Amino acid sequence: MNRFGFEEFGGPEVFEVIEAEQPAPKPGQVLIQVLGFGMNPYDRTLRTGAAAKSRPLPFPIVPGTDVMGRIVALGDEVHDFELGDIVMNYRPIGGYSEYVVASTSKIVKKPTALSYLDATALPQVGVAAYNILHYLLQAVPGKTIAIEGASGGVGAVLIQLAKFLKLNVIATASSKNETYLRQMGADEIGLYDQEDVGAKFADRADYVVNAINGGHDNGAGVQMIKADGHYVTVAYADVDLSSKPNVTHSQLGPDKSYSTKDALNFLVDVAIKWGLTVRVAASEPFTLAGVQAGQALLDTHHEAGKIVVMQDHKVIKPVRKDINHL
Ligand SMILES: NC(=O)c1ccc[n+]([C@@H]2O[C@H](COP(=O)([O-])OP(=O)(O)OC[C@H]3O[C@@H](n4cnc5c(N)ncnc54)[C@H](OP(=O)(O)O)[C@@H]3O)[C@@H](O)[C@H]2O)c1
């Protein structure tokens with residue numbers, strides 16, 4: 001089987017096709033034929049080497065936290081899934097691949113409420129948004145949350161989950177995304193390229209989530225947070241809270257107490273009960289050229305939304321559940 005990875009750090013061109021043996025599922029795992037995988041800003045930091053210090057990995061590196069695919073083999077002791085199930089998988093790495101194995105604690109069945117594209121784009125940004133609301137903020141209905149970078153992958157899912165949890169939402173992004181923020185459900189909108197959003201919403205937010213790619217907000221988040229509020233950074237960015245000494249600051253990051261299964265189940269529940277969508281900026285073909293094109297887009301301030309790599313629709317078509325398709 002083929003994987004897409006790299007043997008050296010650099011630009012999109014360092015990606016190559018890497019042949020590997022198809023993995024076999026261990027007990028409690030399934031083998032997934034990958035029908036689509038998502039690309040995230042983090043994958044770019046793996047490719048450029050920016051993440052090498054915080055997470056040293058041996059070459060070849062195959063990025064990919066977001067997978068949507070079909071179960072084609074079951075390990076022992078798997079009871080809740082069947083051959084042919086279409087699932088979403090959130091994984092630490094390795095999703096840019098034709099096949100992956102995944103523990104059943106890291107997968108969930110794709111509901112019909114989510115399209116194939118939505119399901120491919122959702123895992124990392126959805127799990128991040130869930131962890132922010134449930135673990136970091138323990139968000140309470142009626143509170144006001146200001147989301148910076150609200151047009152992005154994490155930000156737009158956060159708006160929708162926050163409305164599901166009955167929070168008031170202030171959303172900030174550039175003016176080209178104003179309509180999109182409204183469609184996602186934002187109650188109030190700040191356009192950082194047209195107005196001083198920090199001054200507009202000064203001391204209004206119980207919670208601020210800085211979900212800007214790279215985290216640089218020129219201090220708007222600190223202005224918006226209430227004196228005793230809770231400020232969350234999503235990118236690893238410094239924040240000067242000296243003017244608001246009683247504000248709690250949390251950094252989203254790996255934490256063993258997070259439950260991927262709870263997060264994925266919650267996202268499915270919201271999708272079914274409320275509706276959940278992920279904007280896809282580009283859908284690239286499941287080829288080396290497609291991967292390189294997607295990585296080139298990650299290097300730019302591209303159109304709002306996620307970048308995904310999808311198999312041809314003929315591969316995605318439904319299959320019989322009573323035969324092993326290997
Ligand atoms: N710690 C974790 O576990 C974790 C998990 C997921 C993501 N992340 C990090 O979180 C960040 C966001 O990820 P993402 O996938 O959501 O990125 P993204 O899709 O690129 O979205 C970022 C958004 O920020 C907006 N933006 C840029 N400058 C802004 C400003 N001054 N004020 C308000 N909005 C601004 C952009 O909107 P406009 O085009 O409208 O400017 C863009 O849509 C990345 O740095 C990523 O690496 C961390």
Side-chain angles (χ1 to χ4, degrees), residues 36 38-43 65-66 68 88 90 113-134 136-137 139 144-193 197 201 205 207-215 217 220-221 224 232-235 252 263-264 266-283 294 297-298 300-308:
M39 288 186 169
N40 289 290
Y42 178 68
D43 306 353
T65 57
D66 300 348
M68 182 278 299
M88 297 183 278
Y90 178 56
L114 285 173
S115 72
Y116 286 93
L117 275 183
D118 284 341
T120 303
L122 184 59
Q124 187 191 97
V125 293
V127 170
Y130 174 87
N131 289 342
I132 291 165
L133 291 168
H134 287 260
L136 301 184
L137 294 176
T144 295
I145 185 170
I147 302 167
E148 303 183 274
S151 59
V154 175
V157 175
L158 256 178
I159 300 177
Q160 298 169 79
L161 299 190
K163 290 315 297 175
F164 178 80
L165 294 171
K166 299 189 167 44
L167 299 169
N168 305 311
V169 174
I170 295 169
T172 78
S174 63
S175 47
K176 66 178 185 294
N177 289 313
E178 181 177 6
T179 306
Y180 177 57
L181 298 184
R182 223 170 274 294
Q183 287 169 341
M184 291 300 96
D187 299 296
E188 295 178 83
I189 289 170
L191 304 173
Y192 71 83
D193 55 347
V197 297
F201 300 114
Y207 315 126
V208 166
V209 179
N210 180 340
I212 295 169
N213 193 349
D217 75 342
M224 291 191 284
V232 172
T233 35
V234 181
L252 178 69
L264 292 174
F266 180 80
L267 294 167
V268 166
D269 194 44
V270 175
I272 291 168
K273 289 184 181 152
W274 180 262
L276 185 57
T277 184
V278 187
R279 183 144 127 187
V280 171
S283 174
L297 275 174
L298 276 188
T300 68
H301 188 159
H302 60 78
E303 286 295 303
K306 292 286 310 279
I307 296 155
V308 294

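A quick note: this is a predicted structure, and the numbers were derived from the prediction, not measured. Every heavy atom of this structure was used, including side-chain atoms; hydrogens, water molecules and symmetry mates were not.
- Between Tyr130 and Ala263, the shortest heavy-atom contact is CD2-CB, 3.4 Å.
- A donor-acceptor contact shorter than 3.5 Å is absent between the side chain of Asn210 and the backbone of Thr233.
- Of all non-hydrogen atoms in Gln124 and Tyr90, the two that sit nearest each other are CA-CE1, 3.6 Å.
- Counting heavy atoms from C-beta outward, Leu137 and Ile145 have side chains that approach closer than 4.5 Å.
- Other residues, nucleotides and ligands place more than 12 heavy atoms under 6.0 Å from the NZ atom of Lys176.
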Applying side chain to side chain donor-acceptor pair (under 3.5 Å) to Ser175 and Asp193, what does each step give before you reach the verdict?
CA-CA 7 Å; Ser175 47; Asp193 55 347; 2.9 Å; yes

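- Across every non-hydrogen atom of Glu303 and Ala281, the tightest pair is O-CB, 3.4 Å.
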Test side-chain contact (heavy atoms from CB on, under 4.5 Å) applied to Arg279 and Asn177, step by step:
CA-CA 12 Å; Arg279 183 144 127 187; Asn177 289 313; 3.3 Å; yes

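- Using a 4.5 Å heavy-atom threshold, the side chains of Leu165 and His134 count as touching.
- The line from CH2 of Trp274 to CD of Gln160 is 10.0 Å long, rounded to the nearest 0.5 Å.
- Scanning all heavy atoms of the two residues, the minimum distance from Ser283 to Leu117 falls at OG-CD2, 4.1 Å.
- Tested against Val209 for a side-chain contact (heavy atoms from CB on, under 4.5 Å), the candidates Leu136, Val154, Leu252, Val232 yield a single pass: Val232.
- The closest donor-acceptor contact from the side chain of Lys306 to the backbone of Ala121 lies under 3.5 Å.
- At a threshold of 4.5 Å between non-hydrogen side-chain atoms, the residues Leu167 and Leu133 count as touching.
- With hydrogens and angles disregarded, no donor-acceptor distance shorter than 3.5 Å links the side chain of Asp118 to the backbone of Thr277.
- Taken from CZ in Arg182 to CG in Asp187, the straight-line distance is 9.5 Å, to the nearest 0.5 Å.
- Side-chain contact between Met224 and Asp217: absent, with no pair of heavy atoms (C-beta onward) separated by less than 4.5 Å.
- Counting heavy atoms from C-beta outward, Leu181 and Ser151 have side chains that approach closer than 4.5 Å.
- The side-chain contact (heavy atoms from CB on, under 4.5 Å) test with Met88 is passed by exactly one of Leu267, Thr120, Val268: Val268.
- In terms of heavy atoms, Ala282 sits closest to Leu297 at CB-CD1, 3.4 Å.
- In this structure, Ile159 and Gly185 approach most closely via the heavy-atom pair CG2-C, 4.0 Å.
- Between Phe266 and Phe164, the distance from one ring center to the other falls under 6.0 angstrom.
- No side-chain heavy atom of Ile132 sits less than 4.5 Å from a side-chain heavy atom of Leu161.
- In this structure, Ile307 and His302 have side chains that are in contact, with non-hydrogen atoms separated by less than 4.5 Å.
- Using a distance-only test at 3.5 Å, with no hydrogens or angles considered, a donor-acceptor pair links the side chain of Asp43 to the main chain of Asn40.
- Counting heavy atoms from C-beta outward, Tyr207 and Thr144 have side chains that stay 4.5 Å or more apart.
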